[in-house]
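Numbered from 1 within each chain, the chains take letters A, B, ... in sequence-line order. The shown structure was predicted, so the numbers you read here are calculated from the model rather than taken from an experiment.
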Amino acid sequence: MNNTASWADELDESQIPEAQVIENQDGTKTVIEYRIVDGKKVKLTRRIKEKIVQEHVNRAVAERKKWAKFGAEKGTAPGPNIASTTLAEQVSLRLSQFAAQKQQKEEEVKEEAVGPAKNTRILCRVCRGDHFTAKCPYKDTLVPMEGIINQEANAAAVPAASESKDANAYVPPHMRGKTGGTLLGESREKRDEFPTIRITNLSEDVREQDIRDLCKPFGYVHRAFVAIDRVTGDCKGYAFVSFIEYSAAEKAIDKLSGFGYDSLILKAEWANSSGR
Amino acid sequence: MIPILLQGHTRPLTQVKYNAGGDLLMTVSKDKEASLWYTYNGERIGTFVGHLGALWTIDCNKSSTLVVTGAADNTARLWHAETGRMLHTWELPTAVKRVEFSHDDRYVLMVTEERMGHKSGIYVFAIDSSSPEQSNEPVVILRPSPVKATVAAWSYLDKYIVAGHEDGGLTLYDWKYETVVHHTQAHEGTITDMQMWKDGTYFITSSKDKTARLFETKTLNPLKMYKGDTGINSAAMTPTQELVILGGGQAASEVTTTSSRQGKFESRFYHKVFEDEVGSVRGHFGPINTIAVSPDGKGFASGSEDGYVRLHHFDPDYFKFKYDY
């Protein structure tokens with residue numbers, strides 16, 4: 001071993017055995033090569049089947065392939081010269097009928113990504129189009145939209161801001177009842193108006209239908225809620241039942257307190273908010 | 001698709017052209033040598049050395065034995081394609097901007113620049129392919145008017161010569177009688193390139209007015225128009241698919257004076273009939289000056305201001321593309 005050689009060269013030359021080529025009986029070849037990939041020696045075994053493909057070319061074209069090199073390439077070895085011919089990076093050509101639209105969209109996305117500071121959108125005050133208000137074709141026929149919105153805002157108590165926003169824009173929970181739609185806050189208040197009892201010491205297997213069955217004899221059950229553990233899916237041991245009538249709820253408390261159900265003794269009382 | 005990058009030139013490309021068989025590619029640039037390449041592997045066969053100025057144009061005959069080049073040194077030269085030997089030099093009054101062999105290889109046309117008091121001209125020389133000696137006497141000189149011609153091409157049966165002018169006009173000459181058959185204002189800007197369909201019955205022109213258009217040769221009737229968003233330097237038609245390829249982009253000198261969108265140094269594919277853009281190929285980092293499509297339709301080459309030629313062989317997907325109508 002030559003001591004003056006760099007340790008890197010030493011690694012390259014000393015540890016890579018020569019490639020082996022084994023001719024198999026079925027006409028294939030097995031090539032065993034050793035390479036160093038990321039500092040690790042890798043054995044690469046390839047089974048190769050050689051197939052001769054005949055290509056028909058024009059006689060003149062075949063003749064031209066034998067031309068000797070001249071000019072700046074004179075004397076260079078046959079085959080592409082890496083000084084003048086290299087492979088570029090792969091590019092894609094996806095032909096599509098809608099290429100133009102897709103490209104436009106991509107550009108828009110790119111422009112948006114640049115940031116709002118650069119992206120000064122032109123918005124017409126009359127028709128909300130992307131041109132200057134002065135150039136709007138509806139300038140004379142339409143009253144500017146902002147004016148209309150303001151008028152509406154003054155006339156009705158509906159807030160203009162939420163009106164002009166998208167339907168699916170975020171609205172904080174406490175604002176939700178005010179723009180129409182499902183009145184979540186209200187429904188909670190309404191729910192509490194019904195006489196509600198709390199039943200505790202329920203067994204794990206209790207489901208909503210069991211509670212409804214249990215309470216049906218006392219009166220119409222408006223709502224039955226069984227606390228279910230989200231992880232196990234078992235009952236957490238308590239439930240709330242809302243009745244329509246106050247007397248039914250009273251009767252239920254009376255009968256269910258101390259009632260044996262699923263080998264457990266239930267406890268029934270007024271739920272906190274309806275506390276009486 | 002992995003393009004082959006041909007780095008044979010040191011200055012902006014001015015023209016790339018396939019031979020009739022599609023196995024050779026000729027390229028010329030503003031450096032003083034023309035290059036000849038094999039298209040299947042991008043190997044350079046050689047360079048044609050002898051010109052003293054920037055080369056503007058190149059063409060070869062149908063049998064790929066003779067090559068003619070036109071340059072800014074006020075000469076056009078004839079070369080033996082196989083050996084790169086120079087056979088003849090034509091001295092012209094000004095730079096030669098476009099050369100093209102006629103379909104029967106008996107003539108070659110040369111478009112000259114308007115400069116130093118000399119008017120622009122379209123010179124037609126007879127080619128004697130049996131001997132290296134060529135006649136220095138033009139068969140015909142056409143004088144384009146009112147403004148100079150930038151490009152010219154042979155029509156079907158070599159009956160006419162179509163010239164494209166600097167002001168965007170097109171003229172159809174019955175060249176043997178030196179008469180103008182038609183003249184039309186085709187574009188609003190300089191015509192940068194003109195490529196005939198293989199039978200010479202219609203052709204595509206590209207222009208600085210950001211459009212490329214298709215014209216019928218016989219009447220110069222406009223057939224189609226393809227809109228780009230920068231000046232178009234070259235347009236080519238693909239033989240197997242009904243597509244056209246446009247190349248262009250903003251010149252570096254114009255970047256600050258035109259739109260904020262930079263670059264657009266792509267080869268853009270349009271449907272020939274429906275005029276819709278259907279795809280594009282990126283790669284160049286300068287405006288594309290010249291595009292050529294292989295006569296077998298299996299690939300195309302683009303030459304750019306950046307000094308590179310990119311030689312593309314289409315993927316199988318390309319041949320499966322169908323426009324739904």
Worksheet entry | Atom group of B/Tyr308 that falls short of 4.5 Å from chain A, counting heavy atoms | neither

Practice prompt. Would you please go through residues 51-65 of chain A and name the residues with a non-hydrogen atom below 4.5 Å from one of chain B, in numerical order?
Written response: A/Val61, A/Arg64, A/Lys65

Fill in: Test item: B/Arg44 and A/Lys69 side chains (from C-beta on) under 4.5 Å apart, heavy atoms
no

Item to complete: Mind ranking A/Gly71, A/Pro80, A/Ser84 by heavy-atom pairs under 4.5 Å with chain B and telling me who comes out on top?
Response: A/Ser84

Worksheet item: Is it the side chain or the backbone of B/Ser63 that comes within 4.5 Å of chain A heavy atoms, both, or neither?
Response: backbone

Worksheet item: How about B/Lys17: does its NZ atom have over 12 heavy atoms from other parts shown lying under 6.0 Å from it?
Response: yes

Worksheet item: B/Arg85, B/Glu43, B/His312: which one forms the most heavy-atom pairs within less than 4.5 Å of chain A?
Response: B/Glu43

Item to complete: Measure B/Gln241 against the heavy atoms of chain A and call it side chain, backbone, both or neither at under 4.5 Å.
Response: neither

Worksheet item: Does the side chain of B/Phe321 reach to within under 4.5 Å of the side chain of A/Leu93, using non-hydrogen atoms?
Response: no

Response to the item:
Looking only at B/Thr83, B/Leu243, B/Asp317, B/Val281, most heavy-atom pairs under 4.5 Å shared with chain A are made by B/Thr83

Item to complete: Please answer whether the main-chain N or O of A/Ala72 pairs with a side-chain N or O of B/Thr47 as donor and acceptor at a distance below 3.5 Å.
Response: yes

Worksheet item: Any idea which of A/Ala68, A/Gly79, A/Ala83, A/Pro78 has the most non-hydrogen atom pairs under 4.5 angstrom with chain B?
Response: A/Gly79

Discussion item. Please determine whether the number of non-hydrogen atoms from other residues, nucleotides or ligands lying under 6.0 Å from atom CZ of A/Arg207 exceeds 12.
Written reply: yes

Discussion item. If you count every heavy atom of other residues, nucleotides or ligands that lies below 6.0 Å from B/Lys227 atom NZ, does the total exceed 12?
Written reply: no

Discussion item. Could you measure the distance from the CG atom of B/Asp315 to the CG atom of A/Leu95? Nearest 0.5 Å is fine.
Written reply: 10.0 Å

Worksheet entry | Structural part of B/Arg310 lying under 4.5 Å from a heavy atom of chain A | side chain

Fill in: pair A/Ser96-B/Val278: side-chain heavy atoms closer than 4.5 Å
no

Item to complete: Please report the shortest heavy-atom distance between A/Val91 and B/Arg282, naming the atom on each side.
Response: CG1-O, 3.6 Å

Practice prompt. Check whether any side-chain N or O of A/Thr85 sits under 3.5 Å from a backbone N or O of B/Gly42 as a donor-acceptor pair, and report yes or no.
Written response: yes

Item to complete: Search all heavy atoms of B/Ile2 against all heavy atoms of A/Ala88 and return the closest pair with its distance.
Response: CG2-O, 3.3 Å

Fill in: Residue B/Asn41 versus chain A: region with a heavy atom under 4.5 Å
both

Fill in: Non-hydrogen side-chain atoms of A/Gln97 and B/Asp324 separated by less than 4.5 Å
yes

Discussion item. I want to check something: taking the side chain as every heavy atom from C-beta on, are A/Phe70 and B/Leu36 in contact at a cut-off of under 4.5 Å?
Written reply: yes

Discussion item. Does B/Lys298 have more than 12 heavy atoms from other residues, nucleotides or ligands lying within 6.0 Å of its NZ?
Written reply: no

Worksheet entry | Criterion side chain to side chain contact (heavy atoms under 4.5 Å, CB included) on B/Ile4 and A/Leu87, from CA distance to verdict | CA-CA 5 Å; B/Ile4 303 174; A/Leu87 288 180; 3.9 Å; yes

Response to the item:
Comparing B/Met1, B/Glu82, B/Glu33, B/His9 against chain A, the one with the most heavy-atom pairs below 4.5 Å turns out to be B/Glu82

Practice prompt. Measure distances from B/Tyr38 to the heavy atoms of chain A and classify the residue's part below 4.5 Å as side chain, backbone, both or neither.
Written response: side chain

Item to complete: Could you verify whether a donor N or O on one side chain and an acceptor N or O on the other, from B/Gln7 and A/Thr86, lie under 3.5 Å apart?
Response: yes

Practice prompt. Can you tell which part of B/Tyr270 gets under 4.5 Å to a heavy atom of chain A, answering side chain, backbone, both or neither?
Written response: neither

